[in-house]
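By convention in this document, chain letters (A, B, ...) are assigned in the order of the sequence lines, proteins followed by strands, and residues within each chain are numbered from 1.
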Amino acid sequence: MESKIAEKSWSKEFEKAFYEKWKNNPLYAFRRNSDKPVYSIDTPPPYVNTPVHMGHAATYSIMDMIARFRRMMGYEVLFPLGLDRNGLPIEMAAEKKFKTKFNRVSREEFLLMCNKVLEESSAESVDSFMKLGIAFNSWNKGTGLGEIYETDSNDYRTLTQETFIDLYNQGLIYEDDRINNYCPGCMTTIADAEIDYKDIPSTFNDVVFTVKETGEKIIIGTTRPELIPSCGMVIFNPEDKRYQHLNGKTAVTPLFNTEVPIKAHPLAEIDKGTGLVMMCSAGDLSDIRFFREMGIAPIISISIDGTMNDNAGFLKGMKIKDAREKMIQDLKADNLLVKQVPVTHRTPICERSKHEIEFISMKEYYLKQVEFKDKMLALADKMNFYDESIKQIYLDWINSVSIDWPISRRRYYATEVPLWYCNGCGQVIVPPKGKYYKPWKEKPPVKECPECHSKEFTGDTRVLDTWFDSSNSPLYVLKYSRDKEFFEKNNRCSLRPQGKEIIRTWLYYTVFKDFLLTKKCIFKDVWIHHHIIDEKGIKMSKSLGNMIDPHDILEKFGAEPFRLWCAVEGDITKTDLRCSYERIEGAGKTLTKLWNVARFVSMFEDPSGDVKLSDTDKWVLNEINELVKLSRARYEKYDFHTPSLELRHFIWETFSSHYLELVKNRAYNDNKLFLKEEQNGALFTLHYCLETLLKLLAPIIPFATAKLYEEIKEKDIHSEKFPKVADNYEISFKKEDIVELNGAIWKAKKDAQISLKAPVKELILSHKLKGAEKDIMQAHSVEKIKFDDKVEVKV
RNA sequence: GGGCCCAUGGUCUAGCGGUUAUGACGUCACCUUUACAAGGUGGAUGUCCCCGGUUCGAAUCCGGGUGGGCCCACCA
């Protein structure tokens with residue numbers, strides 16, 4: 001007998017024809033006027049100037065499983081691809097490529113360099129997604145529903161500016177002169193979320209201060225002696241017995257001879273250093289909070305370019321590190337430095353450029369967020385977190401928010417702050433919404449100032465934080481303010497899939513900002529993934545040389561073994577997944593098995609005449625029905641792991657080893673030992689199980705299932721409905737009974753060293769299996785059969 | 001310093017109050033059995049991290065350790 005399927009196994013070569021077909025498949029396009037319910041996914045826009053890495057490959061594949069499942073469940077699925085092109089990474093790439101700094105060339109020139117970098121970043125990542133079989137709505141760039149969008153497009157930036165204008169007009173954005181995290185490398189203020197910490201070796205210097213009232217010499221330990229001119233207070237712990245007499249007195253700083261109060265404050269720890277701390281208005285965040293608390297005017301001695309300013313007296317003009325050296329030398333010369341101890345100091349550094357953070361005062365725009373903390377906590381309950389345990393990270397972050405969100409940046413390749421200022425009276429000119437504004441080079445939308453009638457204006461030169469852009473992604477994909485009718489019907493996004501590490505940024509800022517704009521919780525479900533790590537459990541990194549490139553995987557094995565591996569290997573919402581070539585290749589064996597199961601089944605026609613099901617048929621139909629039940633329930637909860645393991649087990653064990661072996665003879669029916677309708681029972685069941693199995697697997701392995709379904713049914717499996725749960729048949733035995741019986745027979749023949757085809761002289765088995773008697777006799781060449789309460793095989 | 005997560009044969013993993021502790025990869029022996037040698041059958045490999053507790057009974061629940069990871073944090 002000939003199988004419909006000629007090829008002996010699944011090959012990655014089959015994939016190409018499919019992704020080229022899918023590229024323009026209207027099945028995956030988003031139909032705005034469809035009457036199906038909408039399921040919308042706020043796909044994370046990957047950064048364009050780095051190729052797709054293992055984490056992307058795995059998580060987008062799982063997102064695709066989600067999208068494909070929902071599509072089969074009858075939803076109109078909005079699954080667009082976005083491309084992130086804004087912000088620092090592009091600027092840094094441009095700086096590297098053209099060996100310059102953004103502030104060394106004109107803004108105009110620098111933006112051209114950024115564009116150059118972006119042009120060359122090409123469509124590589126888009127191509128990778130296609131090869132992975134991701135069924136995005138569209139592969140064309142555009143502004144329509146479901147089309148590929150770019151975060152630096154005029155349309156996207158227009159929306160970002162619209163949200164700024166709305167929030168500004170609501171009075172939620174204000175400009176304030178405040179101490180900020182400042183990165184001397186990026187030359188811009190950065191948000192708390194952009195700070196990293198690193199242990200940097202430093203020196204603890206014991207410096208001599210004088211008590212003005214008594215002339216007593218007191219010793220203060222500091223790692224930042226150059227900040228002595230910024231010292232605003234000296235503190236000791238209220239419990240510290242050594243210093244009680246200093247309370248209320250005045251300390252005189254060395255070399256600068258400024259007078260500062262001495263007070264007790266719990267911030268000082270008794271055991272640390274000498275127990276006395278000099279509080280400077282530029283040390284780190286704790287100092288800043290302290291100054292705010294105590295209401296002391298900060299003395300800023302570091303300027304924007306990272307050098308000391310007028311307040312630093314004789315240190316003026318020096319770089320911070322030089323100033324520190326100079327201070328140490330001068331203190332030594334005057335015998336004011338009594339001890340130096342090397343320490344490692346946990347230092348705040350810039351997440352991107354790795355420079356040590358300085359704290360300086362600048363004018364910045366802020367979006368009010370502190371006053372919304374309670375609302376944000378309440379809103380968290382409106383979202384379902386997958387996995388639920390991850391919610392804690394989100395709540396912890398909300399609870400820890402202590403200052404408003406600084407949203408302006410002093411960089412170039414980002415969305416401009418859409419404001420002008422009147423040169424006459426300083427009046428802020430807020431433009432109307434609906435256009436992309438570049439105030440640094442454009443004229444304002446008004447001819448003269450409404451206040452003072454001046455005709456001269458200055459455009460704002462700052463840009464917005466990249467998270468201010470990113471936080472409108474669900475609004476953008478749902479066409480908020482672009483397609484009012486659509487957004488009204490779909491004003492919440494079904495799913496935000498994203499990484500665990502950006503909960504405090506992308507997730508928090510999106511929920512927060514979109515709440516301010518829409519008064520709703522923008523997401524219904526949030527799917528948070530952990531990471532792909534190497535086979536030893538270590539983070540993949542270029543420097544360690546343990547990277548696995550998904551392009552290699554695609555080259556070697558194709559998308560399918562990888563996609564199956566993604567599902568089978570573990571639940572990425574609960575734990576990191578360890579990745580190795582070996583295990584991905586191993587996952588591919590299941591594809592071969594599935595392929596051969598399909599080849600076998602397709603040797604037979606799906607019967608059209610009378611069908612009589614034996615208990616064996618009913619049993620396996622119940623088994624597959626349980627899989628339908630499980631898959632539906634778990635896929636619904638974004639769990640592809642549990643069903644994929646069960647499906648794999650079904651393919652290898654339940655279906656192949658047990659059912660198939662039992663009914664082979666009936667399916668062939670060469671000796672006409674079975675009635676036609678009995679044979680049909682096997683054929684029907686074989687086809688039914690295979691088709692159902694393929695449909696259950698279609699979201700996970702879309703290529704192989706499509707190929708097989710096409711061969712067998714001449715239809716596109718991805719247009720099919722997901723199988724429904726049926727009623728189970730009444731039968732008297734369970735899987736365990738079958739497994740036990742077959743195992744016993746195989747073992748008996750093996751022990752007797754006879755062929756599996758050799759006859760069983762006598763078989764004693766449980767009454768329960770009576771309904772499968774004929775299948776069992778034929779499968780194992782049983783000559784005589786008896787029913788009892790035990791299993792016994794005589795060969 | 002705080003929070004969260006993890007610890008099961010060589011490696012990875014399931015189980016989450018009663019199992020002869022699941023499966024995968026690897027490994028060993030045997031076998032061409034009309035879908036599949038990218039196969040089949042069978043085997044070996046485990047103080048389920050440690051110490052206590054709850055319980056008739058713990059890999060599973062609780063407490064405390066130890067080791068590892070991630071995130072957060074206000075230290076001079």
Colleague: Strictly distance-based, threshold 3.5 Å: is any side-chain N or O of A/S644 a donor or acceptor partner for the main-chain N or O of A/H641?
Modeller: yes

Colleague: Applying ring pair (Phe, Tyr, Trp, His ring centres under 6.0 Å), name anything that partners A/F209, two or more places apart in sequence or on another chain.
Modeller: none

Colleague: Determine the interplanar angle of the A/F655 and A/F650 rings, folded into 0 to 90°, and report it as parallel if under 30°, tilted if 30 to 60°, perpendicular if over 60°.
Modeller: parallel

Colleague: Show me the pairs that pass side-chain hydrogen bond (donor to acceptor under 3.5 Å, both in side chains) and involve residues 596-606 of chain A, at least two apart or across chains.
Modeller: A/S3-A/S602

Colleague: Can you tell me how far C1' in B/G26 sits from the matching atom in B/G63, rounded to whole Å?
Modeller: 39 Å

Colleague: With sequence neighbours left out, write down each residue that passes ring pair (Phe, Tyr, Trp, His ring centres under 6.0 Å) with A/F236, or none if nothing qualifies.
Modeller: none

Colleague: Which sits closer to the 5' end of RNA chain B, A/G275 or A/E501, going by the nucleotide each is nearest to?
Modeller: A/E501

Colleague: So, applying side chain to side chain contact (heavy atoms under 4.5 Å, CB included) with A/L331, which one of A/D206, A/L337, A/N205 is it?
Modeller: A/L337

Colleague: Please give, in whole Å, the distance from B/C71 C1' to A/D576 CG?
Modeller: 12 Å

Colleague: Determine the interatomic distance between P on B/U20 and the same-named atom on B/G52; round to the nearest Å.
Modeller: 26 Å

Colleague: Could you check whether A/K749 gets within reach of a base, just the sugar-phosphate, or nothing at all, counting any heavy atom under 4.0 Å?
Modeller: nothing

Colleague: Check every atom of B/A38, B/G39, B/A73 against the side chain of A/K593 and return the nucleotide holding the closest atom.
Modeller: B/G39

Colleague: If you only use heavy atoms from C-beta on, which nucleotide in B/C72, B/A38, B/C36 is closest to the side chain of A/S9?
Modeller: B/A38

Colleague: Polar pairs (N or O, both sides) under 3.5 Å between protein and nucleotides 3-9 of chain B?
Modeller:
{"residue": "B/G3", "atom": "O2'", "partner": "A/D396", "partner atom": "OD2", "Å": "3.2"}

Colleague: Applying salt bridge (charged side-chain N to carboxylate O under 4.0 Å, His left out), which residue pairs with at least one partner in residues 639-650 of chain A are found, sequence neighbours left out?
Modeller: A/R634-A/D639

Colleague: List the residues meeting side-chain hydrogen bond (donor to acceptor under 3.5 Å, both in side chains) with A/W565, not counting sequence neighbours, and say none if there are none.
Modeller: A/E569

Colleague: If the threshold is 4.0 Å, N to carboxylate O, is there a salt bridge linking A/D617 and A/R666?
Modeller: yes

Colleague: Roughly how many Å apart are B/C5 and B/A29, using the C1' atom of each and rounding to a whole number?
Modeller: 42 Å

Colleague: So what does A/S656 touch, heavy atoms closer than 4.0 Å: a base, only the sugar-phosphate, or nothing?
Modeller: base

Colleague: Using a 4.0 Å heavy-atom cut-off across all strands, classify A/W652 as base, sugar-phosphate, or nothing.
Modeller: sugar-phosphate

Colleague: Taking a pair as Watson-Crick (N1 to N3 plus N6-O4 or O6-N4) or G-U wobble (N1-O2 and O6-N3), both under 3.5 Å, which stems of 3 or more consecutive pairs involve RNA chain B?
Modeller: B:1-7 with B:66-72, B:10-12 with B:23-25, B:27-31 with B:39-43, B:49-53 with B:61-65

Colleague: What is the separation between atom CG on A/L662 and atom C1' on B/U34, rounded to the nearest whole Å?
Modeller: 17 Å

Colleague: With rounding to whole Å, what would you report as the distance between B/C56 and B/G65 at their C1' atoms?
Modeller: 28 Å

Colleague: Mind checking if A/L660 touches a base, just sugar-phosphate, or nothing, with heavy atoms under 4.0 Å?
Modeller: base

Colleague: Please state the C1' separation for the pair B/G43 and B/G3 - nearest whole angstrom.
Modeller: 47 Å

Colleague: For B/C36 versus B/C31, give the span between their C1' atoms, rounded off to a whole number of Å.
Modeller: 15 Å

Colleague: Spell out protein contact along nucleotides 20-27 of chain B as letters: B when the base is contacted, S when just the sugar-phosphate is, - when no protein heavy atom is under 4.0 Å; keep the 5' to 3' order.
Modeller: ---SBSS-

Colleague: Considering only side-chain heavy atoms of A/W397, which listed nucleotide, B/U41, B/C72, B/A14, is closest?
Modeller: B/C72

Colleague: For B/G18 versus B/G57, give the span between their P atoms, rounded off to a whole number of Å.
Modeller: 14 Å

Colleague: From B/C36, B/C72, B/U41, pick the nucleotide closest to the side chain of A/W746?
Modeller: B/U41

Colleague: Quick one: list whatever passes side chain to side chain contact (heavy atoms under 4.5 Å, CB included) with A/V401, sequence neighbours left out.
Modeller: A/Q369, A/V370, A/K373, A/W397, A/Y508

Colleague: Restricting to ring pair (Phe, Tyr, Trp, His ring centres under 6.0 Å), what partner residues turn up for A/F600, sequence neighbours left out?
Modeller: A/F604

Colleague: On RNA chain B, does the nearest nucleotide to A/V601 precede the nearest nucleotide to A/L645 from the 5' side, or the other way round? Give the residue.
Modeller: A/L645

Colleague: Taking only residues two or more places apart in sequence, or in another chain, which ones meet A/T222 in a side-chain hydrogen bond (donor to acceptor under 3.5 Å, both in side chains)?
Modeller: none

Colleague: Please list, chain by chain and in numerical order, all residues satisfying side-chain hydrogen bond (donor to acceptor under 3.5 Å, both in side chains) with A/E560, sequence neighbours excluded.
Modeller: none

Colleague: Say you pick atom P in B/A73 and the same atom in B/G53; how far apart are they, in whole Å?
Modeller: 41 Å

